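Both counts, for ligands and for their atoms, begin at 1 and track the order of listing. Note that the structure is predicted; figures quoted are calculated from it, not measured.
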Amino acid sequence: MKSLLVTGGAGFIGSNFVHFLMETTDVTVTVLDKLTYAGNRDSLKGVPEGRVELVVGDITDAVLVGALTERADAVVHYAAESHNDNSLQDPRPFLDTNIIGTYTLLEAARRHGKRFHHISTDEVYGDLELDDPGRFTEQTPYNPSSPYSSTKAGSDLLVRAWVRSFGVQATISNCSNNYGPYQHVEKFIPRQITNVIDGVRPKLYGAGQNVRDWIHADDHSSAVWTILNRGEIGQTYLIGADGEQSNKDVVERILKEMGLPADAYDRVIDRVGHDLRYAIDSTRLRTELGWEPRFPHFEQGLAETIAWYRENEAWWRPQKAATESRYTEQGQ
Ligand code: NAD
Ligand code: DAU
């Protein structure tokens, strides 16, 4: 594999994947990204000239997608509307991008006979009880809760159908919550870090008992690269790094790390339909493909992420005020 088409490569996880590829491989990359509110060309600053091209366009544009797919060896599909809270306010863009966009890419991969890797989420499995000893596996039945997660579930099922009916050479990965540099300030961890920088108290939904299974974006990238090279066609791999934390614990850790009392946060109204707990069993990826995370300690990765937001205010500042005014309107 010498050249990749990476959709959504100007977003959080996609841009981390492009930086990962630049540092650890010699592939060239075409990024196809619409640069929605969540995309940022500055997230690709510093990549070697000549190895990364950014094409600004929509994954629902069949002509553009066909031309870019034809000239790539493989497609890695990150582009999506990704934020649950936005999907509860206005689901329509989620259907367009996550369903029709994925369909458009699958048709191009089918027509041009290209390897396809679909990036998905653990949210397709719904949620677990807080006291459930179990974790999600590749066999867990789909049970999505939000407009966002239901469109991701739909896109996964399209990929499975295109493998079985049309022989598309595809794999799927479902990953847990990512953190790290270049994450939009609408998301939980960057929102709280940048609030503290601004002298604003962090906002916790409800009682903060909900549990997320955190993984550093670099570890997600190495897992995707492993699956792209060694994964079995037609298979699904769960990606996780044993990083379960309650939201309350995460907020308290951010506050302490940033030199404030652990209780200096506000409780705000809860997300409707709020999933209780996500937890990933990544045994298959580890045993069959030999992948291991590099950031086993959430504390270390979180401290590095806080430092990144302190040092890169110019990157996030332009989005902060509009994001917070949206949350204020929602009472969050
Ligand atoms: P993000 O919102 O930060 O980035 C999404 C990118 O896709 C943006 O650059 C945006 O401009 C682009 N995009 C949106 N609609 C597009 C369209 N129609 N055409 C072209 N580009 C478009 O999202 P993220 O958090 O980086 O998530 C990336 C992928 O990873 C998504 O598929 C998401 O479901 C999945 N995922 C995310 C997480 C997480 O914790 N953030 C965890 C597991 C899986
Ligand atoms: O599990 C993978 C998913 O993780 C991805 O598929 C999604 O794209 C990604 O956005 C993320 O979804 P979440 O809804 O879990 O992430 P979010 O950052 O929005 O919220 C994390 C938790 O924090 C969730 O329980 C809601 C809570 N929260 C969020 C915000 C923004 C708060 O308590 N306060 C906040 O201000």
Next on the checklist: Minimum heavy-atom separation for Ala108 and Thr69, please, with both atom names.
Outcome noted: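 Shortest heavy-atom separation between Ala108 and Thr69 comes out as CB-OG1, 3.6 Å.
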Measure the acute angle between the ring planes of [X] and [Y], then classify it against the limits of 30° and 60° as parallel, tilted or perpendicular.
X	Y	result
Phe116	His118	parallel
Trp162	Tyr103	perpendicular
Trp308	Trp315	perpendicular

Checklist entry - Within 45° of the axis and under 6.0 Å from the centre of the six-membered ring of Tyr327, does NZ or CZ of Arg191 qualify? => result yes
Checklist entry - Do we get Arg110 above Phe166's six-membered ring, with its NZ or CZ under 6.0 Å from the centre and within 45° of the axis? => result yes
Item to check | Test: Arg135 and Asp122 ion pair at under 4.0 Å | outcome: no
Checklist entry - Is any side-chain N of the basic residue among Arg286 and Glu292 closer than 4.0 Å to the acidic one's carboxylate O? => result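 Glu292 and Arg286: salt-bridged.
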Ligand-protein N/O pairs under 3.5 Å (ligand 2):
{"residue": "ligand 2", "atom": "1 (O)", "partner": "Asp122", "partner atom": "OD1", "Å": "2.5"}
{"residue": "ligand 2", "atom": "1 (O)", "partner": "Asn177", "partner atom": "OD1", "Å": "2.8"}
{"residue": "ligand 2", "atom": "4 (O)", "partner": "Asn177", "partner atom": "OD1", "Å": "3.4"}
{"residue": "ligand 2", "atom": "4 (O)", "partner": "Asn177", "partner atom": "ND2", "Å": "3.0"}
{"residue": "ligand 2", "atom": "6 (O)", "partner": "Thr121", "partner atom": "OG1", "Å": "2.7"}
{"residue": "ligand 2", "atom": "6 (O)", "partner": "Tyr148", "partner atom": "OH", "Å": "2.6"}
{"residue": "ligand 2", "atom": "8 (O)", "partner": "Ser82", "partner atom": "O", "Å": "2.8"}
{"residue": "ligand 2", "atom": "8 (O)", "partner": "Tyr148", "partner atom": "OH", "Å": "3.0"}
{"residue": "ligand 2", "atom": "10 (O)", "partner": "Ser82", "partner atom": "O", "Å": "3.4"}
{"residue": "ligand 2", "atom": "12 (O)", "partner": "Glu123", "partner atom": "OE2", "Å": "2.9"}
{"residue": "ligand 2", "atom": "14 (O)", "partner": "Asn84", "partner atom": "ND2", "Å": "2.9"}
{"residue": "ligand 2", "atom": "14 (O)", "partner": "Arg271", "partner atom": "NH1", "Å": "2.6"}
{"residue": "ligand 2", "atom": "14 (O)", "partner": "Arg271", "partner atom": "NH2", "Å": "3.4"}
{"residue": "ligand 2", "atom": "15 (O)", "partner": "Asn177", "partner atom": "ND2", "Å": "2.9"}
{"residue": "ligand 2", "atom": "15 (O)", "partner": "Arg212", "partner atom": "NE", "Å": "2.8"}
{"residue": "ligand 2", "atom": "18 (O)", "partner": "Phe188", "partner atom": "N", "Å": "2.9"}
{"residue": "ligand 2", "atom": "19 (O)", "partner": "Arg271", "partner atom": "NH2", "Å": "2.9"}
{"residue": "ligand 2", "atom": "23 (O)", "partner": "Asn247", "partner atom": "ND2", "Å": "3.4"}
{"residue": "ligand 2", "atom": "25 (O)", "partner": "Arg212", "partner atom": "NH2", "Å": "3.1"}
{"residue": "ligand 2", "atom": "25 (O)", "partner": "Asn247", "partner atom": "ND2", "Å": "2.9"}
{"residue": "ligand 2", "atom": "25 (O)", "partner": "His274", "partner atom": "NE2", "Å": "2.7"}
{"residue": "ligand 2", "atom": "33 (O)", "partner": "Tyr205", "partner atom": "N", "Å": "2.8"}
{"residue": "ligand 2", "atom": "34 (N)", "partner": "Lys203", "partner atom": "O", "Å": "2.8"}
{"residue": "ligand 2", "atom": "36 (O)", "partner": "Arg191", "partner atom": "NH1", "Å": "2.7"}
{"residue": "ligand 2", "atom": "36 (O)", "partner": "Gln192", "partner atom": "NE2", "Å": "3.1"}
{"residue": "ligand 2", "atom": "36 (O)", "partner": "Lys203", "partner atom": "O", "Å": "3.3"}

Next on the checklist: If you take the centroid of each ring, where Trp contributes its six-membered ring, are Phe12 and Tyr78 closer together than 6.0 Å?
Outcome noted: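 They do not qualify: ring centres at least 6.0 Å apart.
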Checklist entry - Tell me, which residues have any heavy atom less than 4.0 Å from some atom of ligand 1? => result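 Under the 4.0 Å cut-off, ligand 1 touches Gly8, Ala10, Gly11, Phe12, Ile13, Asp33, Lys34, Leu35, Thr36, Ala38, Gly39, Gly57, Asp58, Ile59, Tyr78, Ala79, Ala80, Ser82, Thr97, Ile119, Ser120, Thr121, Tyr148, Lys152, Cys175, Ser176, Asn177, Asn178.
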